[in-house]
Amino acid sequence: MSKVATLEFDGKKYEFPITVGSEDEIGIDIKKLRAEAGLITLDPGFKNTGSCESAITFLDGEKGILRYRGYAIEDLAEKADFLEVVYLLIFGELPNKQQLDKFTADIKEESHVDEEMKKILDGFPKSAHPMGVLSSLTSALIAFNPSSVDVSSEEDMYNAIVKIIGKFPVLAAWTMRKKNSLPLNHGDDTLGYVENLHKMMFEKPGKSYKADKAVIDALDKLLILHADHEQNCSTSTVRMVGSSHAGLFASISAGISALWGPLHGGANQAVIEMLEGIKKDGGDTHKFMQKAKDKDDPFRLMGFGHRVYKNFDPRAKIIKKSADEVLGQLGVEDPVLDIAKGLEKEALEDDYFVKRKLYPNVDFYSGIIYRALGIPVEMFTVMFALGRLPGWIAQWREMRLRKEPIGRPRQIYTGENHRDFKPLGSR
Ligand code: SDX
């Protein structure tokens with residue numbers, strides 16, 4: 001394979017080095033393109049553009065492969081627990097017992113959220129969307145943890161990291177309790193990370209809380225499946241904001257806002273709303289398949305399609321199987337699960353979807369499990385954010401440790417050429 005790519009333009013030839021990744025992905029290194037050829041590239045949505053080199057997550061969209069630090073998502077979902085995966089993504093290795101115990105203890109030490117933060121939450125109407133509240137609370141957390149901003153040393157980074165991992169579940173639980181008019185609580189250090197999250201979300205005043213192992217296991221698996229996904233929209237946002245050295249919490253807050261969008265993490269909420277709409281309309285999946293294919297109809301099959309996966313999203317396969325298991329264990333009958341399976345079957349046999357390689361993605365079945373676990377639909381994307389937190393942290397840390405430059409893309413200007421100012425009277 002050649003070591004350079006040659007560009008010919010305007011009678012001149014330019015050579016640019018080739019970068020080859022550990023999974024044989026090939027990139028043209030165009031760092032000197034503008035200086036040498038006076039050219040830039042144009043790639044809206046960065047569909048063909050690598051923003052960085054990264055050692056965290058590998059995915060192969062054609063083959064439907066997803067690995068965190070080399071470990072297959074199928075193995076991690078089955079054999080690991082969420083905090084082990086958090087450690088793996090951030091520090092690069094599965095922790096031994098001593099490392100996991102220290103990491104867990106450090107997180108518990110930082111799982112308290114300042115009482116004053118409750119006043120900020122008080123300012124929101126109950127109707128506020130939880131993702132907007134969560135993003136605001138995460139940013140507000142900076143004011144109570146100023147040492148989390150200027151983190152150039154690995155030790156300072158570690159301290160900021162355990163703070164946000166410890167406090168984030170409290171903010172997420174408070175966001176849900178606010179909507180349910182429940183008093184704001186604090187964590188229980190005697191519980192594991194995921195059980196503690198579940199307890200904070202669901203415990204009721206005066207009632208004893210007893211976790212169902214099937215529920216905690218399902219939640220743990222869903223958080224693992226959402227933990228990282230290389231340079232997706234929200235992670236690229238975290239890297240971009242982090243590249244200005246705005247601090248970890250500010251970068252995470254921006255990532256939450258990016259994830260909120262219905263084309264990204266907000267799709268899990270949109271999927272359930274879509275399935276409910278189809279059920280209410282009589283359950284005619286074929287009718288909605290036609291709408292999804294009609295260019296004049298704004299309806300899209302939410303939870304279908306992916307920028308990178310042109311095969312089954314491996315997470316969707318695991319979640320679909322888990323949905324059957326969890327609903328069976330909980331004795332929950334959810335008619336929208338059958339509607340979802342009907343849509344999937346039709347799409348996999350429909351030329352429009354097959355030609356465009358549109359398959360179910362991570363968001364297509366996840367909402368069905370969240371609903372069976374009693375999580376309100378407006379909290380579904382918050383659950384996605386709780387899972388994605390370690391991925392955002394890992395990617396931010398990698399970018400900072402590698403001292404990557406501030407993100408600042410170029411553009412092709414298409415506006416007015418120079419023109420003289422016109423006084424008001426002559427316009
Ligand atoms: C996530 O990037 C990540 O890794 C994201 C994520 C992660 O873990 O971080 O995996 C999480 O965001 C999953 C995606 C969740 N979003 C949705 O489910 C929303 C519905 N899906 C789409 O809007 C769409 O598929 C995207 C946004 C996911 C991907 O869009 P692309 O890559 O820009 O593809 P496109 O819009 O250019 O579509 C290509 C063609 C178009 O048709 P043509 O113009 O070629 O005729 O496919 C069509 C699209 O109209 N198409 C769909 C469709 N998705 C794409 N048609 C109907 N229904 C859909 N869902």
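Keep in mind it's a predicted model, so treat the numbers as computed, not measured.
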Residue pairs fulfilling side-chain hydrogen bond (donor to acceptor under 3.5 Å, both in side chains) with at least one residue in [range], sequence neighbours excluded:
{"range": "residues 248-259", "result": "Ser135-Ser253, Ser135-Ser257"}
{"range": "residues 262-272", "result": "His129-Gln269, Asn232-His264, Ser234-His264, Asn268-Thr381, Gln269-Glu273"}
{"range": "residues 62-73", "result": "Glu23-Arg67"}

Please report the shortest heavy-atom distance between [X] and [Y], naming the atom on each side.
{"X": "Asp313", "Y": "Val362", "value": "OD2-N, 3.0 Å"}
{"X": "Ala347", "Y": "Phe304", "value": "CB-CE2, 3.5 Å"}
{"X": "Leu219", "Y": "Met383", "value": "CD1-CE, 3.7 Å"}
{"X": "Phe380", "Y": "Ile375", "value": "CE1-O, 3.2 Å"}

From CA spacing to verdict: salt bridge (Lys or Arg N to Asp or Glu O under 4.0 Å), Lys118, Asp122: CA-CA 6 Å; Lys118 292 179 178 178; Asp122 281 346; over 6 Å; no

Candidate pair Ser111 and Lys167, rule side chain to side chain donor-acceptor pair (under 3.5 Å), full reasoning: CA-CA 5 Å; Ser111 60; Lys167 301 175 195 306; over 6 Å; no

Tell me whether the NZ or CZ atom of Arg307 lies within the 45° cone about the ring axis of Tyr309 and under 6.0 Å from its centre. no

Sequence neighbours left out, what passes salt bridge (charged side-chain N to carboxylate O under 4.0 Å, His left out) with [X]? Give chain and number order.
{"X": "Glu333", "answer": "none"}
{"X": "Lys119", "answer": "Glu116"}
{"X": "Lys79", "answer": "Asp75"}
{"X": "Lys320", "answer": "Glu344"}

State plainly whether the residues [X] and [Y] are in salt-bridge range, i.e. N to O under 4.0 Å.
{"X": "Arg239", "Y": "Glu404", "result": "yes"}
{"X": "Glu74", "Y": "Lys317", "result": "no"}
{"X": "Asp350", "Y": "Lys345", "result": "no"}

Check each of Phe103, Tyr158, Tyr193 against Tyr87 using the ring-ring contact (aromatic ring centres under 6.0 Å, His included) test, and report the only one that passes. Phe103

All pairs passing ring-ring contact (aromatic ring centres under 6.0 Å, His included) where residues 266-303 contributes a residue, at least two apart: Phe288-Phe299

Under 3.5 Å: donor-acceptor pair, side chain of Arg177, backbone of Leu184: no

Do His245 and Arg400 come within less than 4.5 Å of each other through their side chains, counting heavy atoms only? yes

Can you name the residues that form a side chain to side chain donor-acceptor pair (under 3.5 Å) with His198, not counting sequence neighbours? Tyr209

By side chain to side chain donor-acceptor pair (under 3.5 Å), which residues pair with Asp43, not counting sequence neighbours? Asn48, Thr49

Salt bridge (Lys or Arg N to Asp or Glu O under 4.0 Å) evaluation trace for Asp217 with Lys213: CA-CA 6 Å; Asp217 289 350; Lys213 187 176 178 316; 2.4 Å; yes

All pairs passing salt bridge (charged side-chain N to carboxylate O under 4.0 Å, His left out) where residues 362-373 contributes a residue, at least two apart: Glu276-Arg371, Asp334-Arg371

Give me each pair satisfying salt bridge (charged side-chain N to carboxylate O under 4.0 Å, His left out) with a member in residues 189-211, each pair once, sequence neighbours excluded. Asp188-Lys199

Can you check whether Trp174 and His186 have ring centres sitting under 6.0 Å from each other? yes

